[in-house]
Structures are given as C-alpha cells and as structure tokens.
Number of protein chains: 2
Amino acid sequence: MNDFQELIRKEEEQQQRCPHSYVLALTDTMNVISGKWKLPIIASLLRGKNRFKDLLDNIEKITPRMLSKELKELEMNSIVVREVYDQTPVLITYQLTESGKSLANLIDTMINWGLTHRSNVL
Amino acid sequence: MNDFQELIRKEEEQQQRCPHSYVLALTDTMNVISGKWKLPIIASLLRGKNRFKDLLDNIEKITPRMLSKELKELEMNSIVVREVYDQTPVLITYQLTESGKSLANLIDTMINWGLTHRSNVL
DNA sequence: GATACTAGTATACTTTTGTATAGTAAAATA
DNA sequence: TATTTTACTATACAAAAGTATACTAGTATC
C-alpha cells in the first residue's frame with residue numbers, strides 16, 4: 001500500500017469514528033455509574049433516602065468507608081449535593097442534582113435493555 | 001418501635017424497592033458494558049470491524065490478551081458470536097448478536113446523558 | 001455517668017482488573 | 001528459505017477497587 005492509499009484509508013477511518021465529544025460524553029457517563037456501589041446509592045437517593053445512616057441501612061452490605069468514598073466522588077461529579085443543616089444535633093443530607101435525577105431515565109433504559117436481552121437469550 | 005410498627009415499616013420499604021427482576025436486568029446490563037474495553041470493542045463491531053486483527057488495529061492500545069479475554073466474555077454473554085470460516089487460510093469473524101446491535105440505543109442514551117450533564121455543569 | 005446514635009475516618013488487607021512482554025502454530029508472501 | 005500475517009496463549013507483574021475491623025467526636029438518652 002502506497003502513501004496515497006494509506007491517506008485515503010485513514011480518511012475513511014476518520015469518517016467512521018464518532019466525534020471526540022461523544023467519546024468524552026460516554027466516558028463521563030461510565031465514570032458516573034461504574035463501580036459496585038454507584039447505582040445502588042443513586043437508586044436509594046432517587047427513593048428519597050438522603051442521610052448517611054439511611055443509605056447505610058438501605059444499601060445491603062455497604063461499609064461506611066465505601067459509602068463515604070462514593071458520596072464524595074458523586075459530589076465531585078455534580079450528581080449529589082451535600083447539605084449541612086446547622087441544627088443541634090447537626091443534620092446532613094445528600095440530595096441528587098438535576099443531572100443526578102435525570103439518571104433515572106438512563107437507568108430505565110438500562111433495565112429495559114437487560115429485560116429484552118434476557119428474553120432474547122432464553 | 002414495636003413488632004407491628006417494624007412490620008409496617010418493612011412493608012413500606014418493600015413497596016419502595018424495585019422488583020427483583022429489575023435489579024437483575026440492571027446488573028446484567030452493567031456486566032455487559034463495564035470494564036475498560038467492552039464499549040470500545042462493541043463500538044468497533046458496530047462500525048463493522050469484525051476480525052481480531054481489525055479490532056486490535058482499531059482500538060488504540062488494547063493488547064491481544066485483553067481483546068481475547070473480552071471477546072470471550074462478550075461471547076459468553078451472547079453479545080457477540082465467533083464464526084470460523086473453514087477457508088485456507090482460516091477466517092474468523094466476530095459479529096454482534098441482535099442484543100449486541102441493540103446496545104447502540106443504550107450507548108446513544110448514555111452519550112446524550114453525558115452531553116446534557118456537561119452542559120448542566122458548565 | 002454509661003450507653004447509644006449520627007456521621008463519618010484510619011489502617012491494613014484481599015480481590016479484581018488491567019499491563020508488559022514474549023511466544024506459538026499455520027499459512028502466505030518475498 | 002526467511003519473513004510476515006493472522007489469531008491467538010502464557011507468565012509475571014502492577015494498579016485499581018473493594019473489604020474488614022476498629023476507631024473518633026459530638027450529642028442525646030437512660
């Protein structure tokens with residue numbers, strides 16, 4: 001293959017690749033939902049559990065270390081906001097942002113794919 | 001809290017939990033797409049790359065070990081079928097199943113969530 | 001005053017996931 | 001005959017992710 005053919009091939013390849021912004025968007029989404037505890041935490045928050053202890057009780061087998069770590073990551077990714085109510089005793093809540101709440105649609109799509117896949121495989 | 005109250009509380013909690021089949025479906029979906037290389041492989045297959053070498057060349061930095069390992073997992077999960085054409089030299093292709101192809105919709109949903117999230121965060 | 005609850009943190013460890021590097025067998029090409 | 005191509009496998013290792021267990025500080029309750 002000569003240089004010209006190689007150039008053509010590369011250009012064709014470029015056409016087939018999806019835009020870089022799509023790759024970034026997909027990576028962002030994966031970062032938000034991947035790991036053992038992200039989706040259980042988000043699902044619990046969608047159901048209205050919003051205190052540390054609520055989540056700890058609601059999510060089976062999660063340790064405080066993991067819950068704390070994951071909540072921090074979700075906060076950094078703007079999925080969750082941590083709010084401190086300066087009462088006595090202090091009350092701390094974790095609320096989903098708009099982006100966080102909008103994950104419900106994605107989760108639905110994932111559940112639907114999973115259900116269809118199960119019926120395909122049988 | 002007495003036993004009756006506890007019972008009521010548990011029943012309310014049950015109502016809030018999503019059906020077990022949904023949890024299974026979501027877990028299935030996560031298993032299919034999680035890991036560093038699953039989505040790049042699926043995306044390449046969607047673009048028509050179907051030989052081992054094609055994928056190896058098309059997916060930046062993947063090693064043959066990982067490609068082989070992931071393709072086997074995708075095959076076990078009925079996302080991909082490996083076909084051996086008994087020519088000489090032998091030709092082996094990896095094709096997406098219907099379930100595999102239908103991941104394109106899920107990927108689109110994920111990209112759209114990611115794009116919206118990026119614009120929300122700015 | 002002792003115990004319990006909330007909201008976590010600290011340390012050490014195990015398991016899972018991914019990487020680096022080299023090698024194989026069968027056929028095709030130079 | 002030597003090198004290249006396809007389609008992988010093998011071994012060892014490093015890094016990331018998750019677990020187990022214990023602990024803390026502040027307040028509240030018995």
Side-chain angles (χ1 to χ4, degrees), chain A residues 1-2 5-6 9 27-28 30-45 48-77 79-95, chain B residues 1-2 5-6 9 27-28 30-45 48-77 79-95:
Chain A
M1 196 184 268
N2 64 29
Q5 285 174 318
E6 179 68 15
R9 195 190 59 76
T27 308
D28 284 358
M30 280 306 292
N31 285 340
V32 164
I33 64 175
S34 68
K36 185 171 179 181
W37 300 111
K38 299 271 172 61
L39 285 176
I41 292 170
I42 291 162
S44 290
L45 291 169
K49 309 286 170 179
N50 48 22
R51 296 178 64 175
F52 194 87
K53 187 57 167 46
D54 290 338
L55 294 167
L56 212 51
D57 292 345
N58 199 239
I59 302 166
E60 272 184 36
K61 308 219 172 173
I62 196 169
T63 61
R65 184 190 196 272
M66 287 312 286
L67 182 55
S68 172
K69 203 183 140 248
E70 299 293 62
L71 284 170
K72 269 175 195 155
E73 269 185 64
L74 289 168
E75 207 189 340
M76 283 206 312
N77 289 323
I79 304 304
V80 150
V81 272
R82 181 181 189 268
E83 286 180 275
V84 181
Y85 295 90
D86 205 359
Q87 307 171 348
T88 161
V90 70
L91 170 66
I92 292 164
T93 66
Y94 294 92
Q95 312 271 356
Chain B
M1 194 183 270
N2 62 30
Q5 286 174 317
E6 178 69 15
R9 196 189 58 76
T27 308
D28 284 357
M30 281 307 292
N31 285 340
V32 164
I33 64 175
S34 68
K36 187 170 177 183
W37 300 111
K38 297 272 173 58
L39 284 177
I41 291 170
I42 291 161
S44 290
L45 290 169
K49 308 287 173 181
N50 49 23
R51 296 178 64 176
F52 194 88
K53 188 57 166 45
D54 290 338
L55 294 166
L56 212 51
D57 292 346
N58 199 240
I59 302 164
E60 272 183 38
K61 306 219 174 175
I62 197 169
T63 61
R65 183 191 195 274
M66 288 311 285
L67 181 55
S68 171
K69 202 182 141 250
E70 299 294 61
L71 284 171
K72 268 172 196 156
E73 269 186 64
L74 290 169
E75 208 190 337
M76 283 206 313
N77 288 325
I79 303 305
V80 150
V81 272
R82 182 181 188 266
E83 286 181 274
V84 181
Y85 294 90
D86 203 1
Q87 307 171 348
T88 160
V90 71
L91 170 67
I92 291 163
T93 66
Y94 295 91
Q95 310 272 355

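Computed over heavy atoms, backbone and side chain alike; hydrogens, waters and symmetry mates excluded. Numbers restart at 1 for each chain; the letters A, B, ... are given by sequence-line order, proteins then strands.
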Taking every heavy atom of A:S44 against every heavy atom of A:N58, the minimum-distance pair comes out as OG-OD1, 3.0 Å

d(CD, B:E70; P, D:dT9) in whole Å
13 Å

For nucleotides 3-11 of chain C, read 5' to 3', which letter fits each nucleotide if B means a protein heavy atom sits under 4.0 Å from the base, S means only the sugar-phosphate is that close, and - means neither?
---SSBBBB

In whole angstroms, the gap separating C1' of C:dA27 from CG of B:D86 amounts to 13 Å

Taking atom P of D:dT6 as reference, at what distance in whole Å does atom NZ of B:K49 sit?
13 Å

Using every non-hydrogen atom in the two residues, find where A:R82 and A:Y94 come nearest and quote the distance to one decimal.
NE-OH, 3.3 Å

Rounded to whole angstroms, how far apart are CD on B:Q87 and P on D:dT5?
19 Å

All heavy atoms of B:Y85 vs all of B:V90, minimum pair found to be O-CG2, 3.5 Å

Tell me which of A:P89 and A:M66 sits closer to the 5' end of DNA chain D, going by the nucleotide each one is nearest to.
A:M66

Mind checking whether B:I92 and B:F52 have side chains closer than 4.5 Å, heavy atoms only?
no

Atom-pair distance (NZ on B:K38; C1' on C:dT16), nearest Å:
12 Å

Take atom OH of B:Y85 and atom P of D:dT6, then tell me their distance rounded to the nearest Å.
18 Å

Between A:M30 (CE) and D:dA17 (P), how many Å, whole number?
12 Å

If only side-chain N and O atoms of A:K36 are considered, is one of them under 4.0 Å from the OP1 or OP2 phosphate oxygen of D:dT19?
yes

State whether the side chain of A:K72 and the backbone N or O of A:S68 hold a donor-acceptor pair below 3.5 Å, judged by distance alone.
no

Please state how far atom CG in B:L67 lies from atom P in C:dT19, giving the value in whole angstrom units.
12 Å

Using a strict cut-off of less than 4.0 Å between a Lys/Arg side-chain nitrogen and an Asp/Glu carboxylate oxygen, indicate whether A:K38 and A:E73 qualify as a salt bridge.
yes

